[in-house]
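Report on the following structure.
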Amino acid sequence: MPHISQAAQALPPSGIRKFFDLVASTEGVISLGVGEPDFFTPWALREAAIYSIEKGRTTYTSNYGLLELRERIAGHIFDHYQVEYDPAEEILATVGVSEGMDLAMRVILNPGDEVLVPQPCYVSYEPCVFMAGGVPVGIPTSPAEQFLPTLAQLEGALSRRTKAILLGYPSNPTGAIMPRKRIEEIVAFAQKHDLYLISDEIYDRLTYDGTHTCVSSVPGAKERTILLNGFSKAYAMTGWRLGYACAPRDVLAAMVKIHSYTIISAPIMAQRAGIEALKSGEPAVREMFDHYNRRRRLIVAGLSDIGLECHLPQGAFYAFPEIEVTGLTSEEFAEKLLFEEKVAVVPGTAFGMGGEGHVRCSYATSIDKIETALVRMRRFVDKYRDARTSHSTLARTVAGAAR
Ligand SMILES: Cc1ncc(COP(=O)(O)O)c(C=O)c1O
């Protein structure tokens, strides 16, 4: 039997998937695990796709995607961020941000090129760099720095081989957003060292505090930025597999080449739904936003009340509390919480450096479920904190008696 490639063997399985296989086989679980809206795709969007099928519009499209979709994407980006992208040559409809990220890495990296990746971060970033022959260089971030990389850290991680910086804000899993000033500094840094910027802005519309700055809107950024976004989160369209990449012409042309061989085109029905999303989806986006925002306040207050300190997530739909009071590692916490209280959260270690000592709790679920999960988590945390306190009291007594 021949062997699968060394690269495929070396790739670790996703820390999230592994955990979810476990959740699926346990009954009565409240899941704060999945990073997926709990809303249906708005009806008008579903109808647009149904209509497409009814009318027999079930073919491949241009490799770039339907021109109408690209025009609407260009309009959407301009309306929100005043950045101009040419729908003819600077926008590609992708199979989610997932494909966009893979393409981005494949077109910019030569073997051994390094990509600076602030962490904790979305689980696909490092594997995409790695699969493209690159070397991910993790930059650990912490709550003390609002989970943002500092310029000093970027300087320190720079080498002759550094080719790009990968940014993902609002962040999965920390909920951090990157203020405009920090983006400006990073853009200046990228200019100085001639680096690409890859920006995954899939949660841009879920920014609760402050405003989202699109990386390519910062002067000097657009010509070195590959901007990735998609419909999965804001429009509750995870299963449709639709996203887009915006990049300078030459970069985009290279991405289209690979896309045309591996994908051909994003599914036409999804593209039709995407057009409708950009035409009429705004009220639904706002409505879902309001729900997430209410849930965010509830979960952050609840976790803090339990004694799990939580940096206020300003975007996306995740809380990333510290769990050190329990004396458990993040894997132990997640596993024991699942088995003992039937609440699923994701261990922070699934998201790379800086993840230990945290778990990710998604609040893309109903208020009722969040409330019940918080009751169960309180019981769980109290138990381990009390055990820890009595253990250390006992240890002090024993040590005192021995003196
Ligand atoms: C930060 C981030 N980027 C990308 C993705 C994947 O997006 P898509 O469904 O568009 O492939 C996710 C999904 O959870 C995500 O959280």
Side-chain angles (χ1 to χ4, degrees), residues 14-17 19-20 31-39 41 45 65 69 73 76 91-105 115 117-129 131 136 141 147-148 165-178 197-207 212 214-215 226-246 255 259 262-263 266-267 270-271 273-274 277-278 285 288 292 313-320 345-346 348 350-352 355 360-365:
S14 156
I16 299 192
R17 283 287 144 243
F19 206 67
F20 282 100
S31 181
L32 305 183
V34 279
E36 179 159 18
D38 60 327
F39 298 105
T41 304
L45 285 51
L69 174 64
I73 291 167
H76 176 84
I91 300 178
L92 165 68
T94 58
V95 177
V97 167
S98 303
E99 190 214 352
M101 184 62 70
D102 184 46
L103 290 177
M105 293 306 158
V115 180
V117 188
Q119 299 182 4
C121 66
Y122 180 51
V123 292
S124 87
Y125 294 170
E126 282 210 345
C128 282
V129 174
M131 287 187 296
T141 66
F147 287 113
L148 296 174
I165 308 173
L166 201 170
L167 301 173
Y169 299 93
S171 158
N172 171 6
T174 67
I177 63 168
M178 187 173 274
L197 292 165
I198 317 298
S199 187
D200 171 1
E201 303 187 15
I202 195 165
Y203 293 103
D204 66 334
R205 304 304 316 286
L206 299 178
T207 302
H212 176 77
C214 173
V215 167
I226 302 180
L227 172 66
L228 304 174
N229 208 328
F231 295 80
S232 289
K233 311 294 173 168
Y235 299 96
M237 285 178 66
T238 49
W240 298 76
R241 311 310 303 127
L242 187 65
Y244 50 91
C246 305
M255 293 172 81
H259 173 84
T262 54
I263 301 291
Q271 293 192 50
L278 297 175
V285 171
M288 290 187 272
Y292 294 134
Q314 293 164 293
F317 39 53
Y318 310 99
F320 201 58
V345 296
V346 182
F351 308 97
R360 188 192 77 174
C361 308
S362 162
Y363 49 87
T365 193

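Both ligands and their constituent atoms are indexed starting at 1 by order of listing.
- If you look at Tyr125 next to ligand 1, the close heavy atoms, those under 4.0 Å, all belong to the side chain.
- With sequence neighbours left out, the side chain to side chain contact (heavy atoms under 4.5 Å, CB included) criterion links Leu278 to Leu69, Arg72, Ile73, His76, Phe231, Tyr235.
- The closest side-chain donor-acceptor pair between Tyr122 and Tyr203, if any, does not fall under 3.5 angstrom.
- At a heavy-atom cutoff of 4.0 Å, ligand 1 is contacted by no atom of Glu99, backbone or side chain.
- Heavy-atom proximity to Asp200, at under 4.0 Å, picks out these atoms of ligand 1: 1 (C), 2 (C), 3 (N), 4 (C).
- Taking all atoms of both residues into account, the shortest heavy-atom contact from Gly274 to Leu242 is CA-CD2, 3.8 Å.
- Looking only at protein heavy atoms, the nearest one to atom 12 (C) of ligand 1 is Tyr122 CZ, 3.3 Å.
- Looking only at side-chain heavy atoms (C-beta outward), Val115 and Pro136 stay at 4.5 Å or farther from each other.
- Residues Met101 and Ile198 form a side-chain contact, since some pair of their non-hydrogen atoms from C-beta on lies under 4.5 Å apart.
- Shortest contact from atom 7 (O) of ligand 1 to any protein heavy atom: Ile202 CD1, 3.3 Å.
- The side chain of Tyr203, and not its backbone, has at least one atom closer than 4.0 Å to an atom of ligand 1 (non-hydrogen atoms only; side chain from C-beta on).
- Listed by chain and residue number, Val117, Cys121, Glu126, Met353 satisfy the side chain to side chain contact (heavy atoms under 4.5 Å, CB included) test with Gln119 (two or more places apart in sequence, or in another chain).
- Remark: ligand 1 atoms within the under-4.0 Å shell around heavy atoms of Ser232 are 8 (P), 9 (O), 10 (O).
- Phe147 and Tyr169 have their aromatic ring centers separated by at least 6.0 angstrom.
- Contact annotation for Val97 and ligand 1: heavy atoms of both the backbone and the side chain come within less than 4.0 Å of the ligand.
- With ligand atoms numbered from 1 in the order given, ligand 1 contributes 12 (C), 13 (C), 14 (O), 16 (O) to contacts under 4.0 Å with heavy atoms of Lys233.
- Counting heavy atoms closer than 4.0 Å to ligand 1, residue Arg241 contributes side-chain atoms (C-beta onward) but none from N, CA, C or O.
- Protein heavy atom in closest approach to atom 11 (O) of ligand 1: Ser98 OG, 2.5 Å.
- Between Thr238 and Pro37, the closest side-chain pair of non-hydrogen atoms falls below 4.5 Å.
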